[in-house]
Amino acid sequence: MMNAFNKTLLVSALTLASLTCAQAAEPITVYGKVNASVQSNDEAGESETVVQSNASRLGVKGAFELSSSLEAFYTVEYEVNIGDDAKENFLARNQFVGLQGNFGAVSVGRNDTMLKISQGKVDQFNDLSGDLKSLFKGENRIEQTVTYVTPDFNGFKVGATYAAEGAKSQAGEDGFSLAAMYGDASLKKTSFYAALAYDSEVKGYDILRATVSAKLAGLVLGGMYQQEEKSVDGDSKTGYLLSAAYAISDVTLKGQYQDMEDKGDSWSIGADYKLGKPTKLFAFYTSRDMESAEDTDNYIGVGIEHKF
């Protein structure tokens with residue numbers, strides 16, 4: 001109970017601090033989203049209806065100009081599980097501080113690895129039951145990291161993450177995550193995005209990942225190839241993902257197929273309906289076959305997302 005109170009107090013303090021800093025002309029943003037779905041989950045032959053929170057979050061971020069060529073920046077973000085029966089429903093997400101300038105940007109703290117960042121927007125069912133992390137390793141957020149990203153050179157950037165051996169998830173091993181990226185991952189400034197990334201001993205895996213996505217009028221196509229290998233015994237698997245989205249006015253139709261060798265495959269279809277810039281309704285269906293399971297898992301749901 002006290003832990004829940006402390007977390008609530010922390011978020012309240014962050015919000016108050018942001019308002020105070022805003023009045024003092026220090027750029028700062030309180031942001032987040034609430035994403036919830038009513039869905040039927042059919043897993044291991046048993047069906048259950050749930051109201052599910054899909055990575056809802058609350059965060060504070062900002063930047064402060066230290067000089068004409070140097071800026072400090074930070075992010076403190078929590079996941080808020082609005083469907084959890086416990087009141088202690090805050091989970092740590094990205095939380096880091098850094099410096100940026102002509103040399104690029106360096107940040108220290110809890111952060112997504114560069115391999116995870118390199119996926120861009122290729123996963124059309126991110127945070128939902130069809131999320132690519134169900135079959136692919138590498139979607140890691142490590143608690144003790146140092147990340148460096150170069151400046152943008154005509155759309156090309158390189159980034160590196162060092163995961164310290166002191167991080168519990170690293171089990172006493174240093175890890176490195178590298179990525180080379182070209183284009184705008186959101187496909188707003190450019191119509192093409194490509195990335196090549198590699199993890200070395202990050203959470204016990206070595207991973208090679210290649211990602212591409214392209215926008216042609218209202219059609220967005222994406223693909224990912226991944227080879228993952230356990231650092232300890234060398235057990236290796238290869239997989240791929242194909243995704244597509246097509247926008248018709250305020251409706252976006254989506255589809256995705258994913259396969260991982262000796263593990264399983266899944267496919268998802270869905271649609272988003274834009275009510276306004278920050279708000280959408282969505283519906284989806286995901287079917288997943290795991291080679292280690294006798295039954296096919298199925299998920300069907302409808303939901304709403306509001307960003308702020």
Side-chain angles (χ1 to χ4, degrees), residues 11 14-15 18-19 22 27-42 48-62 75 77-84 89-91 93-94 112 117 119-134 139 184-191 193 213-222 241-258 266-287 298-308:
V11 174
L14 288 171
T15 303
S18 70
L19 295 175
I28 191 168
T29 301
V30 178
Y31 69 95
K33 73 174 184 179
V34 180
N35 184 307
S37 56
V38 180
Q39 59 187 75
S40 175
N41 298 337
D42 187 351
E48 181 182 33
T49 301
V50 299
V51 176
Q52 188 160 307
S53 179
N54 303 303
S56 300
R57 65 198 66 169
L58 173 66
V60 177
K61 62 182 179 180
T75 292
E77 183 177 297
Y78 285 93
E79 179 176 339
V80 185
N81 190 344
I82 63 173
D84 199 331
N89 61 348
F90 284 92
L91 299 173
R93 288 178 57 87
N94 290 337
D112 293 340
I117 292 171
Q119 71 163 274
K121 304 293 184 180
V122 71
D123 186 358
Q124 292 293 340
F125 295 86
N126 185 47
D127 294 332
L128 299 177
S129 299
D131 193 304
L132 68 84
K133 67 182 178 183
S134 298
E139 296 301 283
D184 176 19
S186 298
L187 300 178
K188 294 180 179 179
K189 297 179 181 179
T190 63
S191 59
Y193 172 77
S213 56
K215 186 175 183 179
L216 306 169
L219 178 64
V220 175
L221 298 174
L241 176 148
L242 300 172
S243 65
Y246 184 67
I248 309 172
S249 187
D250 292 329
V251 176
T252 300
L253 305 177
K254 305 188 297 183
Q256 187 160 289
Y257 179 78
Q258 185 181 7
S266 73
W267 59 272
S268 301
I269 56 173
D272 296 343
Y273 178 64
K274 187 176 181 181
L275 294 173
K277 185 175 181 180
T279 310
K280 70 177 182 181
L281 300 176
F282 62 90
F284 69 91
Y285 174 78
T286 294
S287 179
N298 297 292
Y299 309 85
I300 184 169
V302 294
I304 182 171
E305 177 183 271
H306 178 76
K307 294 181 178 181
F308 56 91

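Positions are given from 1 along the sequence.
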Salt bridge (charged side-chain N to carboxylate O under 4.0 Å, His left out) pairs touching residues 241-253, sequence neighbours excluded, are none
- Go through the steps for Phe284 and Ser268 under the test side-chain contact (heavy atoms from CB on, under 4.5 Å), then give the verdict. CA-CA 7 Å; Phe284 69 91; Ser268 301; over 6 Å; no
Let me check something: any side-chain donor-acceptor pairs from residues 51-58 under 3.5 Å, sequence neighbours excluded? List them with distances.
{"residue": "Gln52", "atom": "OE1", "partner": "Asn41", "partner atom": "ND2", "Å": "3.4"}
{"residue": "Ser53", "atom": "OG", "partner": "Ser56", "partner atom": "OG", "Å": "3.2"}
{"residue": "Ser53", "atom": "OG", "partner": "Val80", "partner atom": "O", "Å": "3.4"}
{"residue": "Ser53", "atom": "OG", "partner": "Ile82", "partner atom": "N", "Å": "3.4"}
{"residue": "Asn54", "atom": "ND2", "partner": "Asn35", "partner atom": "OD1", "Å": "2.8"}
{"residue": "Asn54", "atom": "ND2", "partner": "Ser37", "partner atom": "OG", "Å": "3.1"}
{"residue": "Ser56", "atom": "OG", "partner": "Asn35", "partner atom": "N", "Å": "2.9"}
{"residue": "Ser56", "atom": "OG", "partner": "Asn35", "partner atom": "O", "Å": "3.1"}
{"residue": "Arg57", "atom": "NE", "partner": "Ala55", "partner atom": "O", "Å": "3.0"}
{"residue": "Arg57", "atom": "NH2", "partner": "Ala55", "partner atom": "O", "Å": "3.3"}
{"residue": "Arg57", "atom": "NH2", "partner": "Asp127", "partner atom": "OD2", "Å": "3.2"}

Here the pair of heavy atoms bringing Gln258 nearest to Asp131 is OE1-O, 4.3 Å
Sorted by chain and residue number, the side-chain contact (heavy atoms from CB on, under 4.5 Å) partners of Tyr257 (sequence neighbours excluded) come out as Tyr240, Asp259, Asp265, Trp267
Note: Ser186 and Lys121 closest approach over all heavy atoms is OG-CE, 3.7 Å
Closest heavy-atom pair, Ser134 versus Ser129, reported as atoms and distance to 0.1 Å, is OG-O, 3.8 Å
Scanning both residues in full, the closest heavy-atom pair of Gly301 with Gln39 reads CA-CB, 3.5 Å
On a heavy-atom basis, the closest approach of Phe282 and Ala36 is CZ-O, 4.0 Å
> Which is it for Leu281 and Val302 under the side-chain contact (heavy atoms from CB on, under 4.5 Å) test, yes or no, and what are the steps along the way?
Replying inline: CA-CA 8 Å; Leu281 300 176; Val302 294; over 6 Å; no
Please check if the number of heavy atoms outside Lys215 that lie under 6.0 Å from its NZ is greater than 12.
no
Glu139 meets the side-chain contact (heavy atoms from CB on, under 4.5 Å) criterion, sequence neighbours left out, with Lys116, Gln119, Leu132, Lys133, Arg209
Residues at least two apart in sequence or cross-chain that pass side-chain contact (heavy atoms from CB on, under 4.5 Å) with Ser243, listed by chain then number, are Val122, Gln124, Leu241, Gln256
Sorted by chain and number, sequence neighbours left out, side-chain contact (heavy atoms from CB on, under 4.5 Å) with Ile300 holds for Ser40, Tyr285
Closest heavy-atom pair, Glu305 versus Lys307, reported as atoms and distance to 0.1 Å, is OE2-CE, 3.2 Å
One should read off an interatomic distance between Ile269 CD1 and Phe125 CZ, to the nearest 0.5 angstrom, of 7.5 Å
Original post:
Leu187 and Val220: side-chain contact (heavy atoms from CB on, under 4.5 Å), yes or no, with the steps?
Top reply: CA-CA 9 Å; Leu187 300 178; Val220 175; 3.8 Å; yes
Q. Take atom NZ in Lys33; do more than 12 heavy atoms of anything else shown fall under 6.0 Å from it?
A. yes
Establish, yes or no, whether the cationic atom of Lys61 lies under 6.0 Å from the six-membered ring centre of Tyr31 and within 45° of the ring axis. yes
Can you tell me if Asn94 uses its side chain to pair, donor with acceptor, with the backbone of Asp112 under 3.5 Å? yes
Rounding to 0.5 Å, atoms OG1 (Thr190) and CG (Asp184) come to a distance of 5.0 Å
Distance col, row Tyr273:OH vs Thr252:OG1, nearest 0.5 angstrom, shows 11.5 Å
